[in-house]
Amino acid sequence: MKRWDAIGFDLDGTLWNSTQTVVKSWSRVCEADPRVRKIPDAEDIAGIMGLTLADIARKFFPYLTLEEGLGILDRCAADEVELIRKEGGRLFEGLEETLQKLSAQYPLFIVSNCHMGYIEAFLAYHRLGKYFRDTENHGHTGLSKGKNIRMVMERNGWENILYIGDTQADYDAAKEAEVPFLHAAYGFGRVGESVPAISDIRDIPDWLES
């Protein structure tokens with residue numbers, strides 16, 4: 001069996017689905033701003049999971065300046081983190097049992113393109129922090145996901161890691177970090193290239209042993 005130094009995860013679409021909580025939060029912020037022409041719905045939110053706030057601002061508010069769009073999203077992000085700490089999101093079935101198995105053999109970490117406080121809210125509400133050795137996000141560093149993966153590896157002294165994500169952007173980040181990738185095909189996105197994939201998060205331990 002191949003032994004990894006650590007296993008890394010994307011968050012949205014890989015470990016959970018927070019779409020309904022995010023829609024509830026972002027809708028009330030956007031409804032209060034007369035500049036917003038369209039209130040984001042569940043389909044809109046699902047389509048931007050994994051993007052940076054700057055990319056989301058360009059997509060949702062092309063009629064505003066980037067600064068104006070980011071200002072709205074900053075308020076959305078702050079409200080969202082507060083609501084997630086109160087209501088959480090939908091964990092993929094079997095998540096905690098899988099994390100329990102994996103963390104008994106490997107250090108686990110999360111790298112996401114989210115804003116500051118989002119990973120912490122996820123871990124706090126669902127009480128999953130005990131399973132993860134490290135986390136990093138774009139909102140904290142301003143770096144690409146690939147660079148953040150590499151940063152986590154370097155500060156922990158890990159050389160041989162696997163990164164698990166559900167979108168093309170996650171695969172591209174793994175390529176940038178020069179690490180192997182496993183596609184969480186049960187998530188939000190697809191990957192254009194032929195890559196190893198799983199259809200259920202509970203399949204990860206068996207895949208690692210195969």
Side-chain angles (χ1 to χ4, degrees), residues 1-18 49-52 89-114 116 118-124 126-141 143-210:
M1 181 179 71
K2 187 172 184 179
R3 183 72 183 180
W4 305 95
D5 294 336
I7 308 295
F9 294 89
D10 166 56
L11 180 48
D12 293 319
T14 302
L15 299 179
W16 76 340
N17 183 346
S18 65
M49 290 294 186
L51 300 181
T52 65
R90 181 176 67 83
L91 302 180
F92 288 123
E93 190 171 351
L95 173 65
E96 184 161 11
E97 298 93 314
T98 301
L99 294 177
Q100 192 171 31
K101 290 179 182 178
L102 294 175
S103 63
Q105 300 183 64
Y106 309 99
L108 307 181
F109 68 95
I110 298 172
V111 172
S112 169
N113 269 342
C114 64
M116 291 180 65
Y118 185 80
I119 297 176
E120 292 80 3
F122 158 75
L123 295 175
H126 294 287
R127 300 180 181 179
L128 298 174
K130 60 188 175 183
Y131 298 115
F132 293 95
R133 182 76 59 85
D134 203 350
T135 67
E136 195 54 87
N137 64 84
H138 174 78
H140 177 229
T141 67
L143 299 175
S144 68
K145 182 176 285 187
K147 288 185 172 62
N148 281 329
I149 293 172
R150 180 56 60 177
M151 177 187 294
V152 170
M153 292 172 64
E154 290 175 353
R155 71 186 176 209
N156 286 282
W158 298 327
E159 295 183 0
N160 185 32
I161 73 104
L162 174 71
Y163 188 69
I164 304 173
D166 66 305
T167 67
Q168 180 70 41
D170 294 328
Y171 172 66
D172 293 341
K175 285 177 63 177
E176 181 185 5
E178 300 182 323
V179 300
F181 177 76
L182 177 62
H183 181 213
Y186 54 83
F188 295 138
R190 298 179 179 179
V191 175
E193 290 79 354
S194 178
V195 296
I198 50 170
S199 57
D200 190 304
I201 196 165
R202 292 167 290 194
D203 294 338
I204 296 175
D206 288 341
W207 185 90
L208 292 172
E209 293 180 4
S210 65

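Small disclaimer: the values here were computed from a predicted structure and weren't measured.
- Closest approach of Ala177 and Gly146 over heavy atoms only: CB-O, 3.5 Å.
- Taking both residues in full, the closest heavy atoms of Trp16 and Gly89 are given as CZ3-N, 3.4 Å, listed atom of the first, atom of the second, then distance.
- The CG atom of Leu99 lies 12.0 Å from the NE2 atom of His126; values are rounded to the nearest 0.5 Å.
- The CG atom of Asp10 lies 8.0 Å from the CZ atom of Phe181; values are rounded to the nearest 0.5 Å.
- For the atom pair Asn17 CG and Asp12 CG, the distance stands at 8.0 Å (nearest 0.5 Å).
- Shown here for Ile201 and Gly94, the closest heavy-atom pair between the two residues is CG2-C, 4.4 Å.
- Atom OG in Ser112 sits 7.0 Å away from atom OH in Tyr118 (nearest 0.5 Å).
- Between Leu128 and Leu15, the closest side-chain pair of non-hydrogen atoms is not below 4.5 Å.
- Side chain of His138 to backbone of Cys114: no donor-acceptor contact under 3.5 angstrom is found.
- Side-chain contact between Lys145 and Glu136 is absent, with no heavy atoms from C-beta onward closer than 4.5 Å.
- Residue pairs meeting the salt bridge (charged side-chain N to carboxylate O under 4.0 Å, His left out) criterion with at least one member in residues 126-135, sequence neighbours excluded: Asp134-Arg155.
- No side-chain heavy atom of Asn156 sits less than 4.5 Å from a side-chain heavy atom of Pro107.
- For the residue pair Thr98 and Pro205, the shortest heavy atom distance occurs at CG2-CD, 3.9 Å.
- Proximity of a side-chain donor or acceptor of Asn160 to a complementary backbone N or O of Arg3 within less than 3.5 Å is detected.
- The closest side-chain heavy-atom distance from Tyr186 to Thr14 is below 4.5 Å.
- When all heavy atoms of Leu208 and Tyr106 are compared, the closest pair comes out as CD1-CE1, 3.7 Å.
- In this structure, Met153 CE and Glu159 CD are separated by 7.5 Å, a value rounded to the nearest 0.5 Å.
- Minimum interatomic distance between Phe188 and Gly13 (heavy atoms only, all atoms of both residues): CE1-N, 3.4 Å.
- Taking 4.5 Å as the limit, every side-chain heavy atom of Phe122 sits out of range of all side-chain heavy atoms of Ser18.
- Annotation: the span from Thr141 atom OG1 to Met151 atom CE amounts to 5.0 Å, rounded to 0.5 Å.
- Residues Phe9 and Leu102 form a side-chain contact, since some pair of their non-hydrogen atoms from C-beta on lies under 4.5 Å apart.
- Put simply, the side chain of Tyr171 never gets that close to the backbone of Val195: no donor and acceptor are under 3.5 Å apart.
- Between Asn137 and Leu11, the closest side-chain pair of non-hydrogen atoms is not below 4.5 Å.
- For Glu178, the side-chain contact (heavy atoms from CB on, under 4.5 Å) criterion is met by Arg150, not counting sequence neighbours.
- At distances below 3.5 Å, at least one donor-acceptor pair connects side-chain atoms of His183 with backbone N or O atoms of Asp166.
- A donor-acceptor pair is defined here as one N or O able to donate and one able to accept, closer than 3.5 Å; no such pair exists between the side chain of Asp206 and the backbone of Asp203.
- Looking at residues two or more places apart in sequence or on another chain, you find no ring pair (Phe, Tyr, Trp, His ring centres under 6.0 Å) involving Phe132.
- Inter-residue side-chain proximity for Val152 and Ile161 is flagged as unmet; no heavy-atom pair is nearer than 4.5 Å.
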